[in-house]
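Remarks on the structure that follows.
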Amino acid sequence: MSEERKSLNFIEQIIEEDLAKGMSKNSLRFRFPPEPNGYLHIGHTKAIGISFGLGEYYNAPVNLRFDDTNPAKEEQEYVDAIKEDVAWLGYKWDKELFSSDYFQQLYDWAVYLIKEGKAYVDSQSSEAMAEQKGTPTQPGVDGPYRNRSVAENLDLFERMKAGEFEEGEHILRAKIDMQHPNMLMRDPIMYRVLKKHHHRTANDWCIYPMYDWTHGESDYLEQISHSLCSLEFKPHRELYDWFLDQVVDEDKLRPKQREFARLNLSYTIMSKRKLLKLVEDGVVNGWDDPRMPTISGLRRRGYTPNAIRKFVETVGVAKRENIIDVSLLEFCIREDLNKTAPRVMAVLNPVKLVITNYPEDKVEWLDAENNQEDESAGFRKVPFSRELYIEKEDFKEEAGSKFFRLKLGGEVRLKNAYIIKAESVVKDASGEVTEIHCTYSEDTSRRVKGTLHWVSIAHAVKAEVREYDRLFNDEAPDSHADKDFMDFINPNSLKIIEAFVEPSLTEAKVGDRFQFQRLGYFNVDDDSTPEHLVFNKTVGLRDTWAKVKPKQNTNQNQQKQTQQNNRSAIEQIKSYGKKYDRLPEDKQAKAKAEIQELAKKVSYDELEPLFNTSVKKSGTRIITMIALGVLLANGLDKNDAINSFIAKALDDKNALLVEEAKAIS
RNA sequence: UGGCCUAUGGUGUAACUGGCAACACGUUGGUUUUUGGUACCAAAGAGUCUAGGUUCGAGCCCUAGUAGGCCAACCA
């Protein structure tokens, strides 16, 4: 019995340390603080997963706090959508709170700061203030209003609150240090006048606190123990702490801000602003378009909360910039759906197949297993008849032995039904195959290589299938300085197909998820009605055949292959270097002989760069030495570079290296 | 007067705090299979950004570089 040690990420380690230092487990408290100015996306699921995950792990409360300090951008619609998304992911928040709940407290504290001489009203234009602020490499200078009297500041601030001034006339700033190396500390703005309707406080306020002034104090008011946010807030931490210093009571818990790297996904964008543009420009059909990386988009696409939570868990938490491959997300949804999605048959790109020895008016209702991964899923009936549809892709008149599907004279199994043999084809004027004529045999026990899905033409139901491709053609569409992300939009991200599905699907409900056998996972779209079924392709099955196909009929690959085999001798020698000095003696001797053989094909110019190999990589230096020995034996003259390489090796700690160096010195 | 952060296979995250660089995805083989899916087995792929240093021993500690990121909204 050995204790499994779960490796902790750096945030969990911080918490464990705090706990070890005496913090009570009961005082652990987290929060997820979205601004209600847009829809949540896959990037947010990481932040959600971290804070709510910690809450579940430590059985600690997690607040859902809407950071609603900018009425110009925020709307109730977004509050509702965010709540729906977080709930859908399966997380339960302790309290639903709003930064606007604290407007009065924040105001009172601001007045206190003014009285303490730590805040003042500035009455310049934003341009003038920006100029005084300096740049990251240049210090700022004090503005003309910095030393207003407390009385004057108090009077002005009260009048700001009373609505006596227009937007932009005055602001309240903290008085810190205009020369501070951290620009956020150069007298940051605490309040601005905004004569806007707020979705919760309506017109009660016309001054609104800024993020920095609000966030830490809100965390403190809620007694959040660990305030987790993404890396770009790191520079804010100093200010977060400064603001906290002004108001904290020593007896109360003082929140800690810690930062993690945000999630980036290849081929997608994560900025609310850019996502909004896709919606506004009609590139997609709304925030919940199945191509969108929003949670609502993924939900509509057929993703499950389980899959998303698994994904977030798998990507981990660290501090380095990352771009996660979409294939990981796809793996997570396939893994979940494989276990849960009922299998059905649907043909997306049909060709007619006639079973000539099957009676014309006969129909059989055959048993089909709903999900072989789940015994409790049971069976259903599917109708079989003389005329079927199969996928065009599944038939070729002639094909090689690697093609497991139907070809003339060949046999395949029809899933849940019989084995058939293709006898002949009917073609139209252009030579296109319009019908495949087959014979069937009722003996299903025989082994045949391929199995095809199918639908009975007479019983098939027409359905609209929406197939999606990535929205962008570039791996990181918004990371190009010289190009706009809109330049990378994939014009073919949506393909609408008229498909034929088995009749059991007429009973499918909006949101139901299926595996269309051999094709992928599909769910019933919100637009679907019993009269007009609409499916979204969530994700395809893993398809190793698709990878094999392009390789055939090009010998480019073969050329590549031979190039690989001819992979320069020097490369092969280098690969020995990695392990050489760790090899057992007999294998080492063998490797040495091999290296000496290969070295005959190596030129000095190829070898010389290896002289600079770092001292640590002794293996590489040894194999270089061996190869060099061969070159010298074949008549190469020693030069300065060679001499110094050998000299250095003779002084090395590695005995093997010294030995090889001695042999040729 | 610049400050701060980061650097480990193709990708992401580990390495019990100085002791054989592991796990997952992906890739390549193979076995099983009424899904070219799933499951299972195996392999390839990293001397841990560079150069020094400390140490019996460094991915981890120290020094100096290099590269990338963040910070100059009355946004969050």
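Rounded to a whole Å, the CG atom of A/Leu8 is 16 Å from the P atom of B/U13. Between the P atom of B/C75 and the CG atom of A/Leu184 lies a distance of 14 Å, rounded to the nearest Å. What separates NZ of A/Lys449 from C1' of B/G36 is a distance of 9 Å, to the nearest Å. Separating the CG atom of A/Asp325 from the P atom of B/U13 is a distance of 13 Å, rounded to the nearest angstrom.
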### Query
Could you go step by step and tell me if A/Lys310 and A/Glu335 meet the salt bridge (Lys or Arg N to Asp or Glu O under 4.0 Å) rule?
CA-CA 10 Å; A/Lys310 177 74 192 290; A/Glu335 190 190 38; 3.1 Å; yes
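Spacing between B/C40 and B/U32 at atom C1', rounded to whole Å, works out to 8 Å.
Contact annotation for A/Glu321: backbone-only contact, meaning every heavy-atom pair under 4.0 Å involves sugar-phosphate atoms and none involves a base. Across all strands, A/Ile171 comes closer than 4.0 Å to base atoms (heavy-atom distances). Within 4.0 Å (heavy atoms only), A/Thr544 reaches sugar-phosphate atoms of the nucleic acid but no base atom. Nucleic acid contact for A/Gln517: base, since at least one base atom lies under 4.0 Å from a heavy atom of the residue. Backbone-only engagement by A/Val317 is indicated by non-hydrogen atom pairs under 4.0 Å involving sugar-phosphate atoms exclusively. Within 4.0 Å (heavy atoms only), A/Glu167 reaches no atom of the nucleic acid at all. Using a 4.0 Å heavy-atom distance criterion, A/Ser266 is classed as making no nucleic acid contact. Nucleic acid contact for A/Ile323: sugar-phosphate only, since backbone atoms but no base atoms lie under 4.0 Å from a heavy atom of the residue. A/Tyr191 comes within contact range of no nucleotide atom at all, as no heavy-atom separation falls under 4.0 Å. Heavy atoms of A/His453 sit nowhere under 4.0 angstrom from any nucleic acid atom.
Residue side chain A/Arg343 reaches the base of B/U35 through a donor-acceptor N/O pair under 3.5 Å, judged by distance alone.
At least one cation-pi condition fails for A/Lys415 and A/Trp454: the charged atom is not both under 6.0 angstrom from the six-membered ring centre and inside a 45 degree cone around its axis. A cation-pi arrangement is found for A/Lys319 relative to A/Phe10, the charged atom lying closer than 6.0 Å to the ring centre and inside a 45° cone about the ring normal.
Residue whose closest nucleotide on RNA chain B sits further toward the 5' end, between A/Asp212 and A/Asn9: A/Asn9.
Defined by atom type and a distance below 3.5 Å, a donor-acceptor pair is missing between the side-chain atoms of A/Gln517 and A/Gln515.
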